[in-house]
Amino acid sequence: MSEGPVLSFTLNGRVFSAADGTVPSPAMRLLDLIRLHAGQTGTKEGCGEGECGACAVLVDGELANSCLVPVGQLHGCTVTSIEGLPRNDPLVAAFARAGAAQCGICTPGMVMAARALLDRDPHPTLEAVREALAGNLCRCTGYVRIHAAVLDAAAGEGTAGGGAS
Amino acid sequence: MSVQASAAGEWHRPGSLAEALDIRARAKDAVVPAAGCTDLMVGWNAGAGRWPTVLDLSALPELNRIDVDDAGVTIGAAVSCSRLANHPAVAGRLPMLVASARQTGSVAIQNRATLGGNIMNASPAADNPPVLLAYGARLTLASTRGSRSIDYADFHLDYKRTRAEPDELLVSVTVPFPSPYASVHYRKVGTRRAQAISKVALSVLLDAGAGVVREARFAFASMGPVPLLAGSLSAALRGRPLAGIDPALVTRALATDLSPRDDIRSTADYRRQVAVNLVMAAIADASAAEARRN
Amino acid sequence: MSGRGAVGAPVVRKDAAAKILGEARYVDDLSCPGMLHGATVRTRSAGGTVERIEFGPGVDWSSFVVVTASDIPGVNATQMIELDQPVLASGRYRHAGEPVVLLAHADRRLLREAVAAVRLHERPNPSPVFSIDDALALRGEVCPGNVYRDYRMERGDLAAGEAVADVVFEGRFETGSQEHVYIEPQGMLAQIDAAGVLVVEGSMQCPYYVLGTLTAVTGRDPGSVRVVQCTTGGGFGGKEEYPSHIAAHAALLSLRAGGRPVKLVYDRAEDMLATPKRHPSRTLVRIGARRDGRLAFLDVDFALDGGAYTTLSPVVLSRGVIHAPGPYACPHARVRGRAVATNHPPNGAFRGFGAPQSIFAIEQAMDGLARALGMTPLELRRVNLLRPGDRSVPGQPIDETTDFDAVLDQALYESDYLARREAFAAFNAGNAAAGLPLRRGIGLATFHHGAGFTGNGEVVLASMAKVRADRRGQVEVVASSSEMGQGNTTSLCQVVADALGVPLERVTQARVDTHDVPDSGPTVASRTCMVVGLILEQAARRLRAELVAKAGLPVEGADEHAFAAACARYLDGHPTLEAEARYEPPASVQWDEVVFEGSPYASYAWASYVAEVEVDLTTCEVALTGFTAVQEVGRVVNPVIAAGQVEGGVVQGIGFALFEKVVWDGNGTMANNRMTNYIIPTSADIPPVRVFFQEQPGGAGPSGAKGLGELPMDGPGPAILSAVNDALGTRIASLPVLPEDVMDALQAASAREAA
């Protein structure tokens, strides 16, 4: 690490920084920081190359694959992973009701992708849902119930919101 | 699973372009410039060995601007595909760039991947370069020696080789607004509908006043070692009436312009035939649009 | 006494919240103090001999745990049907990607460098074989004769059938390999606990298979080996057999490291390279009919590429052979099936298990025969569908409970098949005349799938499961049936709750741990709900009867509090409250596995699927525009879970048909072993998939349920290819059908026309 600026960011409200050693290297993958250093294993690794979306998190409210984000780029950012999603987020109940989780390994990333969509488009069309989740691969459900869950959560959200970030 | 990057090289994240150029001038190819890191990290995760020393450009204000004037839009090299696609001037005047940015991987990729990275990575399959070629974009490169502007059409030399010098950084891309009489066509043929790498992509800017081709630019991805403009095709079509262009003429011209290969995603034969079909479809569209205007 | 109504209700899955919130723990989420990471060094050539293992310079090898075949205390063979596949290769080997050396270290970066520093000196096999045709022509020898199994199913008199056939169709059909792409890669964690027991936890479908290999490989007695299933991120058959290898590898490393925990989790590239896939197939079909469409004879030569070791190929093959005649009556039939050895990594179980391959062939042949007869595909199927009173080709009597025509009728109605077929023909004629590039087509597949192990398989398994309760009346399902997403931790509880007459909330499935749960058989073959569910229903009834007899539980009208009170009373006088049951074969299943005759399955699920496509001639891309799936599966235990199974299976079938192509490298391993290059459908690639159930009586499972997990894999391939051929007038005969294949077929067709 050389003349880079001070490195500090939050993950689910907890501060990580180079100064206090909680960020050991700027080149570390955000995924490894979340799973190995923060010990929050809800974010999964399915491919390690940004194809499957199982590691998806929100960086300043925008969806990102944490396997492709070096933590050195996160100074000043707010990172939210599945552990930072409120338990009462409408997506949680909607996914359960619809049967949108089967094996569950893609589900946390899928929920984060859905949250990012609803935060920018609270009442998406089915087509918008299909497109927004296209970076999150699921091999169990065929996506049908996931689409239904997101539309259901959107319908229930009204003006109350439910954002994580 | 994958190894965490405990054996990293240095990580430079300068806060100004001058500082970045200074590092680049000293280290040259010993640093890897990166912005969105979506490609860099794939290589690392796939076991590229020791981390390179990285020159992280994502914090440079000069590379994060989008400036609009009457002639066009100048887009900073570190602007993400998402930001680009959502910019009003781009959305209003450069629809092909919106389309290509929205097909650069998934939403999560578009949020990180940058226009500059998509160019400098110099992949022949990259999504935005054909659109930039068709629109006639110019690149601004800078070094401690100064800055220069070059036509993007002259930039790619050969597979993964460009005109950028080892001490230079890409600062911005200037995309001129097309003539209001021009019609544009963009189509990416990928391995599936979303999150795909192109087998063939075509971007067309066609100016055909009174049904006669005045200027036509056809730019392809995945049809040779670099993103390329089909110059023979442009020459062959110039001055011809839009209606009644013979597919054989297009096939002959493209045989000169394109050098597709078999690879893990498709075949040379398929690419060659689809390229012709896409050109004919674009001509038919333009012809129909012309007919509607009259 | 049963009938509180959990069965049939769309109850929320018991594992939903933990999975949605990321709290469920998968193997890669586990970590223990002092844990080492494991890695595998593999062969690179397509068979040959490992002459020497060189541990290269630049690595402090003393800091690594190193295991080779000579360190195996027990048997060096995975415990499958044959014992031909070593756990670690030494000397001669058969394929690229065989494990030879295992390494472990605490630092994963050093581990990666060490893997690269091990050099295997290999003398390659000079003439590897990679195709079924080459293997059968003996252009290289993998094992003597290159055939693992050669099965024949013959009924009637083929010559007599040929003599009365007015029209004959012949075709050759092929299907490619398919990678499972469960989103969780495979992995295991092994260690020796304080009691000296070897504990292996991980991602798996079949804990007792893993246990069997571990005891054989380590030489330990079953009491000192324990296998625990973690939350498993998808299986689809891919975690049936290979987890035994990884468990053995992790265990060997841990034993070598004095019992320290060793975690061995594959990355995606290694998982795709090394683990089994769907068997590629080639099927030769000759089928003849009388002028009115009645089938006169059927002659099928079916072959599967088993890869370099036997693994599960014999049973995949037998299922493929039995399903080869489809759901049609035919008096004279011969099906020959061979599982062929090649130098590819072994192929194995994948949802459908041989049936998608042979059903694809018969369905395409039926379309070809219909063309030859001048009938529509629908008309030909109507004439020949099995009906009550018929016998299937294997010999199963079709009883009054089956109304396949009703399934077909609903599929035609829901898809508006007849009207669309006409409309698409008109659309295509109009577009062709106008020079427009879009073409539309519709395809129909009619099929059935037998649930549970084939023939006497369930008798041999003799599965056992139990139900137990505590003083508070909390009930546990105790079985080795493993949740991997398909929903059994909910559906089995629904069955037991109703059998006991308690609310579903009182019933959970116990953790799958071989020190606790009996062997209820592997979690495969659409057998869990139907076969294990029935055993559990029996066990639950026994437990209830025990409470009635010995703890004063009222026979009628007891609520959950009365149940809990009875449990407490019972446990005042007894140490435990549990009841077990073992599989009892239904009288209907009589199977001669030598001549392939009898009733191979207790139940078949029946289905008709309709696919609609639009092909753009500009790019030859095929867009699936509609998909209708109607199936008869007996009693639906949980409609949400059942629909999810069908939707997921259909989409895997769509992938198999239109996207997923395993590209082989020069050494016979997967060249596109990355998610970037192996293309599975995304959310944006899927049309509306409309799923309908019929619940006819007679299923062999609890409350009349049938197995359904594999069924939806069988139909999309043939339905989609039929739709493509309908749209274009082509005769494409293989899957997957990629745009490149469509273009080739169109060019071949126009060349034929020109000639």
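When reading the values below, keep in mind they use all heavy atoms of this one structure, side chains included, and skip hydrogens, waters and symmetry mates. In the text below, chain A, chain B and the rest are named by the order of the sequence lines, each starting its count at 1.
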What part of A:A64 gets closer than 4.5 Å to chain B, counting heavy atoms only: side chain, backbone, both or neither?
both
Pick one of side chain, backbone, both or neither for B:D56, based on which atoms fall under 4.5 Å of a heavy atom in chain A.
side chain
Toward chain B, the part of A:V59 with a non-hydrogen atom under 4.5 Å
side chain
Hey, are the side chains of B:S143 and B:E165 touching, using non-hydrogen atoms and a 4.5 Å cut-off?
no
Tell me, side chain or backbone of B:A113 under 4.5 Å from chain A's heavy atoms, or both, or neither?
neither
Which pair of non-hydrogen atoms, one from A:G46 and one from A:C52, has the smallest distance, and what is that distance?
CA-SG, 3.5 Å
Pick one of side chain, backbone, both or neither for A:R35, based on which atoms fall under 4.5 Å of a heavy atom in chain B.
neither
Out of A:G135, A:A134, A:P70, which one racks up the most heavy-atom pairs below 4.5 Å with chain B?
A:P70
Salt bridge present between B:R193 and A:E131 (N-O < 4.0 angstrom):
yes
Determine the option with the most heavy-atom pairs under 4.5 angstrom with chain B, choosing from A:Q73, A:R130, A:E51.
A:Q73
Can you find a heavy atom in the side chain of A:L68 that is under 4.5 Å from one in the side chain of B:R112?
no
Hey, does the side chain of A:N136 reach the backbone of A:G109 with a donor-acceptor pair shorter than 3.5 angstrom?
yes
Give a yes or no on whether the backbone of A:S66 and the side-chain of A:R29 come within a donor-acceptor separation of less than 3.5 Å.
no
